[in-house]
Asker: 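Supplied in structure tokens, the structure appears directly below.
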Amino acid sequence: MSFPLDISLSSRHFTCIPAFLGFPFRKSNSSFHFTVSVAKQMITQQEPDLNLNHLKLYYGLLLPVFSVPLFSVSKYHNLYCFELGLTSLQRFLFSFPQESCFLLPIYADGCLMATKYARLCYPCSFLKSVSFYAKHPGCDQSYMGRREFSFTLVDDIYLRFQSFNNAHELENSVKEKSPVKIDIGPVYSVDPAKRHAYAQSENNVFAPVERELIFDIDMTDYDDVRYCCSGADVCLVCWPLMTIAIKVIDTALRDDFGFKHVLWVYSGRRGVHCWVCDGKARRLSNEQRGAIADYFRVYKGNENSHKKVSLTGAALHPFLATSYTNVLKDYFEKNLLTGQNLLATEERYEKILSMIPDESIASELRGRWDDSRRSSSAKEDINVVRWEQLKQLLQSGKHKAQGLRRCVEEIVFSFTYPRLDMEVSKHMNHLLKAPFCVHPKTGRVCVPIDPNRCDEFDPTTVPTLSQLIEELNYEGSRSDVDGELNRTSLGHAITLFRSSFLQPLLKVCKEEIENSYNVKLQQSKNSLGW
């Protein structure tokens, strides 16, 4: 039996038109895997360089192929596989729980995988919850309609300043436009979609008035201190840098600033995002946001700077001292020092020696380390040995110079302290990708991270879109779609989002609305009584 294929590949689209006419494709694991196996063999023969991991994502939808042909399904009504694929895709899209924050675009390798014929259901739980409270007489009825959403379509087409009066309008727009990515922006003074109507006004009434305090931390900003990966690549050796950032920033946000509703989200590839959603955080001005961002600013160097951190004064700021003692020091010595082999080679230890302001000390250490290359003991890790020698020499009683007082701490801070994208945090009008999106390059879901257990988070095991669909297919069709998804690899992330973030936040929002309304109601009664 032969299965001819006509394959056409481009940089942004995958088109594969099958000739499975009349093939008895049944919804069973054996027939499914047989079909996938046959198709992969055929495609491998014709396109040996094609990454079959991408095919897994396509076939995970129980669609042997899909692209343009799916937009005109009627032409292929004889294909049982298309009929089954439609059923599977619909069931998957309906399976996301009400608490799946905002929405979940479907795509892989830069190509949107949503289909025009499917009844897309993106439960925007947070927005639906806000819509529910919008019925309260004390709620600002225009609030949601003034929030900006940005859609990124296939081929990097950006649609800024999208606005919707309710979750239903947003859902319909997603169905129509099929965005690859959805970003969340601020709440403006007026409907952002109608901003041009106010452009000629003497008063600049179109301006952001509310926005979550956000932080964006990207692994690429650590390329000068990690040797395992570079660019967009990450692994378990360098990921502790993100763990450090979460621990340091989260502790300060809660303990130093008093914020309670903080959501950490994996970006889907190489970093983390932080959403601070307390009412007082959402109403911060740009100047206040800048002050908070500067509070965290320690790393001030660039790739050409030998010394990127300068810690002055007789004692560290309490926040920095706590961060160093509780987080930075241990992670540097137990994870990064040996994991990245920071002192293993001359090129690498010279980078650290250049941070020592006293050349005589640097020269003494260099001499010791040059000798140790010829007489090192295999029983001791060379990184640990050299680091202990550096600490002993710099912290000995004979070195009292002001510039050497904080040298060890400065080295640790240079390699471990969080590196924020300051502009994202300082300005209200910056966009940030919505949680529970799927990253277009990796296919991984942008899941929440528990800051109390962030050292257990493994980015390489985050569920992918294809994995979730396969898990749903193995489970079979169930009437309880919410419970069905909870039994997949995404179940823990959904539970974490509900219990640790969404429910506490909605409770506080409801209380604020009711308290504000009661105060206004009492003032109105007093006014009438007078």
Side-chain angles (χ1 to χ4, degrees), residues 51 53-54 57 101-102 104-105 107-111 150 152 156 180-184 214-250 262-275 293 296 299 301-303 308 327-328 331-332 335-336 339-340 342 414-425 430-451 453-467 489-490 493:
N51 187 346
N53 290 330
H54 299 170
L57 198 56
C101 180
F102 305 119
L104 186 68
Y107 50 75
D109 196 34
C111 296
S150 173
T152 303
D156 291 333
V180 171
K181 182 167 71 82
I182 292 88
D183 291 296
I184 309 296
I214 56 176
F215 297 91
D216 183 6
I217 307 172
D218 198 311
M219 188 68 82
T220 56
D221 292 327
Y222 293 82
D223 278 356
D224 64 312
V225 296
R226 61 179 183 143
Y227 299 101
C228 55
C229 306
S230 63
D233 296 329
V234 297
C235 68
L236 295 183
V237 177
C238 57
W239 186 256
L241 292 166
M242 295 294 103
T243 302
I244 293 170
I246 294 174
K247 286 180 174 289
V248 170
I249 302 299
D250 188 80
V262 182
L263 176 66
W264 288 93
V265 182
Y266 172 50
S267 70
R269 189 178 192 184
R270 63 191 183 201
V272 293
H273 299 157
C274 178
W275 299 73
F296 294 110
Y299 181 86
N302 55 51
E303 60 183 9
K308 298 179 173 61
V327 182
L328 305 183
Y331 268 90
F332 178 84
N335 295 85
L336 300 179
Q340 297 292 342
L342 297 181
S414 296
F415 279 83
T416 61
Y417 190 79
R419 303 181 180 187
L420 305 178
D421 187 332
M422 302 295 286
E423 296 305 311
V424 170
S425 302
H430 272 280
L431 303 172
L432 196 62
K433 184 167 54 179
F436 283 98
C437 280
V438 179
H439 196 283
K441 298 296 184 182
T442 65
R444 298 195 184 278
V445 182
C446 300
V447 296
I449 300 174
D450 185 352
R453 304 180 62 181
C454 58
D455 50 348
E456 301 174 13
F457 182 80
D458 184 350
T460 65
T461 62
V462 171
T464 62
L465 186 60
S466 58
Q467 176 184 347
S489 333
L490 199 59

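Sequence positions, counted from 1, serve as the residue numbers for this chain. Heavy-atom basis, side chains included; hydrogens, waters and symmetry copies ignored.
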Asker: Using every non-hydrogen atom in the two residues, find where P435 and L263 come nearest and quote the distance to one decimal.
Answerer: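 Scanning both residues completely, I find the closest heavy atoms to be CG-CD2, 4.1 Å.
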Asker: Test side-chain contact (heavy atoms from CB on, under 4.5 Å) on H273 and I214; report intermediate values, then the result.
Answerer: CA-CA 7 Å; H273 299 157; I214 56 176; over 6 Å; no
Asker: Where is the tightest heavy-atom contact between G271 and W239, given as atom of each residue plus distance?
Answerer: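 That closest heavy-atom pairing would be O-CH2, 3.9 Å.
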Asker: Find out whether F436 and I182 are in side-chain contact, i.e. whether some heavy atom of one side chain is under 4.5 Å from a heavy atom of the other.
Answerer: no
Asker: Applying side chain to side chain donor-acceptor pair (under 3.5 Å), can you list everything that pairs with T460, at least two apart in sequence or on another chain?
Answerer: D458
Asker: Are I217 and D421 close enough, and set up right, to give a side-chain contact (heavy atoms from CB on, under 4.5 Å), and what steps lead you there?
Answerer: CA-CA 6 Å; I217 307 172; D421 187 332; over 6 Å; no
Asker: Considering non-hydrogen atoms only, spot the tightest contact between A293 and S425 and give its length.
Answerer: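 Reported closest heavy-atom pair: CB-CB, 4.1 Å.
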Asker: With rounding to the nearest 0.5 Å, note down the distance linking CD1 in I449 to OG1 in T243.
Answerer: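 Answer for the CD1-OG1 pair, I449 versus T243, is 8.0 Å.
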Asker: Let me confirm one number: the NE2-CG distance from H430 to D216, rounded to the nearest 0.5 Å.
Answerer: 10.0 Å
Asker: Taking side chain to side chain donor-acceptor pair (under 3.5 Å) as the test, write out the residues that go with R444, two or more places apart.
Answerer: none
Asker: How many angstroms lie between atom CD1 of I249 and atom SG of C274, to the nearest 0.5 angstrom?
Answerer: 8.0 Å
Asker: I need the minimum non-hydrogen distance between T416 and I244, along with the two atoms involved.
Answerer: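 Residues T416 and I244, closest heavy atoms: O-CG2, 3.4 Å.
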Asker: Tell me which one of D218, D221, D223, D224 satisfies salt bridge (charged side-chain N to carboxylate O under 4.0 Å, His left out) with R419.
Answerer: D224
Asker: Return the minimal non-hydrogen interatomic distance between S267 and C446, and the atom names on each side.
Answerer: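 Scanning both residues completely, I find the closest heavy atoms to be O-SG, 3.2 Å.
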Asker: Under the side chain to side chain donor-acceptor pair (under 3.5 Å) test, which residues partner D250, sequence neighbours left out?
Answerer: R254, W264
Asker: Do L236 and P459 have side-chain heavy atoms sitting under 4.5 Å apart?
Answerer: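 Counting from C-beta outward, L236 and P459 do come under 4.5 Å.
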Asker: Any chance you could lay out the side-chain contact (heavy atoms from CB on, under 4.5 Å) test for Y266 and M242, step after step, and finish with the verdict?
Answerer: CA-CA 10 Å; Y266 172 50; M242 295 294 103; over 6 Å; no
Asker: Does V265 reach the side chain of V447, with side-chain heavy atoms less than 4.5 Å apart?
Answerer: no
Asker: Does a side-chain heavy-atom distance below 4.5 Å link D450 with F457?
Answerer: no
Asker: Mind checking the CZ-CG spacing from F332 to L241? Nearest 0.5 Å is all I need.
Answerer: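 Going from the CZ atom of F332 to the CG atom of L241 covers 11.0 Å.
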Asker: How close do R226 and G231 get, counting heavy atoms only, and between which atoms?
Answerer: NH2-O, 2.8 Å
Asker: Could you go step by step and tell me if T220 and R270 meet the side-chain contact (heavy atoms from CB on, under 4.5 Å) rule?
Answerer: CA-CA 8 Å; T220 56; R270 63 191 183 201; 3.9 Å; yes
Asker: In Å and rounded to the nearest 0.5 Å, what is the CD1 to NZ distance from I184 to K433?
Answerer: 12.0 Å
Asker: How are the rings of F215 and F296 set relative to one another: parallel (under 30°), tilted (30 to 60°) or perpendicular (over 60°)?
Answerer: perpendicular
Asker: How far does NZ of K247 sit from SG of C454, to the nearest 0.5 angstrom?
Answerer: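 Result: 4.5 Å between the selected atoms.
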